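These notes concern the structure reproduced below.
Lettering of chains follows the sequences in order, A, B, ..., and the numbering in each one begins at 1. Since this is a predicted model, take the numbers as computed values, not measurements.
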Number of protein chains: 2
Amino acid sequence: MDATGREMDRPAAADGVATQPIEVELIAVLAAVADGSPLVMTIEGGRALPSGSFGVEHRSLQSGLRAWVERQTGHTLGYLEQLYTFADSDRRIPSNGARAISISYLALTREERLAASQAAWRPWYEYFPWEDHRAGPPAQIAAEIAPQLARWAESGGDPSVRRRRAAIAFGLDGRPWNEEFVLQRYELLYEAGLIAEARRRLGDADGLPLGAPMIGDHRRILATGIARVRAKIKYNPVVFELMPPAFTLLQLQRCVEAVSGLNVHKPNFRRLIEQQQLVEETGETMADTGGRPAKTYRFRAAVREERAAAGTKLPLTRA
Amino acid sequence: MDATGREMDRPAAADGVATQPIEVELIAVLAAVADGSPLVMTIEGGRALPSGSFGVEHRSLQSGLRAWVERQTGHTLGYLEQLYTFADSDRRIPSNGARAISISYLALTREERLAASQAAWRPWYEYFPWEDHRAGPPAQIAAEIAPQLARWAESGGDPSVRRRRAAIAFGLDGRPWNEEFVLQRYELLYEAGLIAEARRRLGDADGLPLGAPMIGDHRRILATGIARVRAKIKYNPVVFELMPPAFTLLQLQRCVEAVSGLNVHKPNFRRLIEQQQLVEETGETMADTGGRPAKTYRFRAAVREERAAAGTKLPLTRA
DNA sequence: ACAGATATGCTCACCATGAGTATAAGCCAT
DNA sequence: ATGGCTTATACTCATGGTGAGCATATCTGT
């Protein structure tokens, strides 16, 4: 941390480097799903994530953010977790150039009409078109991304390392696509100068930049959030935060598919949900599905604590 | 966790919105394992985690912390990840009462002689004696914790809710013990006033406080770190960061047991490690094991990228 | 009535996992 | 050297979760 290694023994003190004021800002990745499209709440015409200063008036980060989001959406927030704290030394508040630390949060909710006019839901695949594989791998990957990454790989560093990184991230050369590597993919494209945010620093590369840009590193934060939801959805029943109180199993499946960007095997998905007893029937059916009416279900809230019991991956001996 | 707002003891700030300076501090949970005992690096006689101010000179949090830790341990740091950012409104720097935000990191390394004399490794179960179940559930749980939590449950709030919380956290009433609930257990004991840190605020409860205390909320941060390692060890080959370059399978097993605080089924553990091809034989054997000499293994670094391929939990359709 | 769509139920093979047993190869005390 | 102790290593067997696919039910619209 410092030259001697002893500085850390003391709590941050007055000595040494004059402390430049540090701005602490909160950034929210607020996600919802509507009609098979995953959405993120944005401001400034879709170019920024909602953010605010971490002022003294907030009792805690969490509750302050929750209150703010609930004012914005007019809907109580189901799920809120801390995402990551971004604090690279070159992060600056655009307005005054102060050093900025951004503490980001991930929030899940149902889509609701927005109370404030500045904010708007945007499909998150506008920002990451290469992340939606529900209709197969997007043509853009083979047509634009792979060739440009190949050119980047040969242009510096260790080409074989770069090629492998690209192949792992994007599932090239017969490797499987891993939907969780959202951040790695974004950072790779950034490094390769293929997205607009990177070109502010690097010289222009060929071709058009990929996906819709955002200010600062907001898109990177969004990538972090998407990666987190995609990972969490697998071992934690957070999907239900995105669902209305009653829903059909296909709606639930479509929601999972929207988030993960992948297609799910219908019979096995139903079996999984049912055998894990995540839901219970409401007794109602929903008729306007285009086919046979579907039973509707609700989330079994009791699962949350039962889940306590679940899930070892270590081969234990019985006590 | 923090029951009451203590806006009172805030130094008289310029009124209202005026931004009070916020101290940003880094805290490290640096873990190692030696001789079947998991260790954490501490300072101040084991009463604090190493911490330091986040100054302007640092390129980024991560690299600054890495450099500092490597000077302390004289060993390159294998693994470093951000843990959590603590920023409740009543967190204060002890010396000057400034508002403090602490960004905590988890680092894994092999135990090494320390370069600096102020720092020392401590067994982490000194701070959380109830977390070590390798010799069965600690007697302390049934003898002290359960009865005191039972008394607490009846003393306020909704007793049935409190009882269930306690039972889930500590595996009471026939519920299974979940080794990952380190933080929930600590926070429960804190709320119940059974640990020293809580008694600074609450009135004294009966009996002795549980486990060795730390300053501020360092023990809570340590709990967060332990929970993270215990979770991560299951789906990510981070254990190897705690191991020497060559090791026997039993040593590896003991390391996992030390971290998780649980006993592992030996044949199945070996099968798991081998079939996942996490390791490869070195060709050497180790004789001083007290029995038949054991083959030694090394971690297959190639796994890290192969792991890219691994692990879906969603029932996908084939593309 | 029939086509088309979705809902729902069921089968079957395979493999990871939990649990336990058996044999091999060192060391040490007698 | 021998027998007993300790650890290493290999195998078995039942069970249950998972991947993949098929079959039947019940709507709407023509």
Which letters describe nucleotides 25-30 of chain C, given B = protein heavy atom under 4.0 Å from base, S = only from sugar-phosphate, - = neither?
BB----
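- If you measure from atom CG of B/Leu250 to atom P of D/dT9, you get 10 Å, rounded to the nearest angstrom.
- Judged by a 6.0 Å distance limit and a 45° cone about the ring axis, A/Arg185 is positioned over the six-membered ring of A/Trp177.
- Distance check: B/Asn236 CG to B/Lys234 NZ gives 13.5 Å after rounding to the nearest 0.5 Å.
- By the 4.5 Å heavy-atom criterion applied to side chains, A/Leu242 and A/Val259 are counted as neighbours.
- Rounded to whole angstrom, the span from the CD atom of B/Gln253 across to the C1' atom of D/dT9 amounts to 13 Å.
- To the nearest 0.5 Å, the span separating CE on A/Met286 from CG on A/Leu250 amounts to 11.0 Å.
- At a non-hydrogen distance threshold of 4.0 Å, A/His265, A/Pro267, A/Asn268, A/Arg271, A/Leu272 from residues 260-273 of chain A come into contact with DNA chain D.
- Checking side-chain atoms of B/Glu179 against main-chain N and O of B/Gly261 turns up no donor-acceptor pair under 3.5 Å.
- Across B/Tyr84 and B/Thr224, no two heavy atoms sit closer than the pair CB-CG2, 4.4 Å.
- A distance of 7.5 Å separates CG of B/Leu278 from CG of B/Leu272, quoted to the nearest 0.5 Å.
- When rounded to the nearest whole Å, the span between NZ of A/Lys295 and P of C/dT6 equals 19 Å.
- In this structure, the separation between CZ on B/Phe240 and OH on B/Tyr79 is 14.0 Å, given to the nearest 0.5 Å.
- Between the side chain of B/Thr282 and the backbone N or O of B/Thr296, at least one donor-acceptor pair lies under 3.5 Å.
- A straight line from CG of A/Leu316 to C1' of C/dG20 spans 16 Å, rounded to a whole angstrom.
- Using a 4.5 Å heavy-atom cutoff, the side chains of B/Leu108 and B/Leu106 are in contact.
- Using a 4.0 Å cutoff on non-hydrogen atoms, the parts of residues 275-286 of chain A near DNA chain D are A/Gln275, ordered by number.
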